[in-house]
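Just so it is clear, the values below take in all heavy atoms, side chains as well, and ignore hydrogens, waters and symmetry mates. Quick caveat: nothing in here was measured; it's all calculated off a predicted structure. Count residues from 1 along the sequence.
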Amino acid sequence: MTERYGKRFIPADMTIQDFGVSYTELEPYFNQFERVCGTSGKAGNLNGKIVEGGNPFEGLRSSEYPLPPLADVYGATLFAKAAKDLGYHPFSEPASNASRPYTNPYGAQLGPCNFCGYCERFGCYMYAKASPQTTILPVLLKKPNFELRTQSNVVRINLDAQSKRATGVTYIDAQGREVFSAGRSRRSLRLSTE
């Protein structure tokens, strides 16, 4: 904020600080997450080059979205035409709904969105909506060191003495009991992309 607005912009008694991580550092993780989700969209700033049809105001992206944008519904088509007629540059907003069949880096398969509208509050019966149930869980269920415990709520990730590595989780089970579950191995606490 200081670089953008100057030192006098921030009141002396205001306790704020700049975000400790830059967009450039985060972008590869956004990119990986979009591939896991099967995000549909059109890049507007690809490696610093503004791309027609995408959001020209977005941060620099290192690659295109994994899927093309979803088809515009009738209202969006009318809005885009009106905006273009006024000299604006409308673009489709990215969405984590698959615009066509897609297999993510973990091997989970998504079907194309059929615009049924039920995904707002429910799971997608087409497996088109990015959610843990469609993009990660099918892969985890095949792993021998994974156990699904339903009706549980993780309340704490337990760390080693140096606070560098997770050693397990504490959760509340379906009966309301607090349970500690130790990690069985280093790989049991994370999903590998290998």
Under a 3.5 Å distance rule, please check whether [X] uses its side chain to pair with a backbone N or O of [Y] as donor and acceptor.
| X | Y | value |
| --- | --- | --- |
| Asn104 | Thr135 | yes |
| Thr170 | Arg156 | no |
| Ser96 | Ala130 | no |
| Thr77 | Gly75 | no |
| Thr167 | Asn158 | yes |
| Glu34 | Thr39 | no |
| Lys129 | Phe122 | yes |

Locate the shortest heavy-atom distance separating [X] from [Y]; write the atom from each residue and the value.
| X | Y | value |
| --- | --- | --- |
| Tyr65 | Lys42 | CD1-N, 3.5 Å |
| Tyr125 | Asn114 | OH-ND2, 3.5 Å |
| Thr24 | Pro28 | O-CD, 3.4 Å |
| Asn31 | Ser63 | OD1-OG, 2.9 Å |
| Ser40 | Leu70 | CB-N, 4.1 Å |
| Pro138 | Gln133 | CD-O, 3.4 Å |

Between Phe19 and Leu26, is a side-chain contact (heavy atoms from CB on, under 4.5 Å) present by the stated rule, with each step listed? CA-CA 12 Å; Phe19 197 60; Leu26 291 173; 3.9 Å; yes

How long is the straight-line distance from CZ of Arg35 back to CG of Leu67, given to the nearest 0.5 Å? 9.0 Å

Kindly compute the distance separating CG (Leu110) from OG (Ser99), expressed to the nearest 0.5 Å.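 Reported to 0.5 Å precision, the distance equals 10.5 Å.
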
Evaluation steps, side-chain contact (heavy atoms from CB on, under 4.5 Å), between Ser181 and Arg149: CA-CA 11 Å; Ser181 178; Arg149 298 180 186 174; 3.4 Å; yes

Report yes or no: do [X] and [Y] belong to one cluster of Ile/Leu/Val/Met/Phe/Trp/Tyr joined by side chain heavy-atom distances under 4.5 Å?
| X | Y | result |
| --- | --- | --- |
| Tyr127 | Leu137 | no |
| Tyr23 | Tyr29 | no |
| Ile50 | Phe91 | no |
| Val179 | Val169 | yes |
| Phe30 | Leu60 | no |

Within a strict 4.5 Å, meaning less than it, do heavy atoms of the [X] and [Y] side chains meet?
| X | Y | result |
| --- | --- | --- |
| Phe79 | Val73 | no |
| Leu148 | Leu140 | no |
| Lys84 | Pro90 | yes |

From CA spacing to verdict: side-chain contact (heavy atoms from CB on, under 4.5 Å), Asn45, Arg61: CA-CA 6 Å; Asn45 182 351; Arg61 300 178 54 83; 5.5 Å; no

Counting only heavy atoms not in [X], do more than 12 fall under 6.0 Å of its [atom1]?
| X | atom1 | value |
| --- | --- | --- |
| Glu52 | CD | no |
| Tyr102 | OH | yes |
| Phe115 | CZ | yes |
| Ile157 | CD1 | no |
| Glu25 | CD | yes |

Show the numbers, then the answer: is there a side-chain contact (heavy atoms from CB on, under 4.5 Å) between Asn47 and Ser62? CA-CA 5 Å; Asn47 295 311; Ser62 61; 4.3 Å; yes

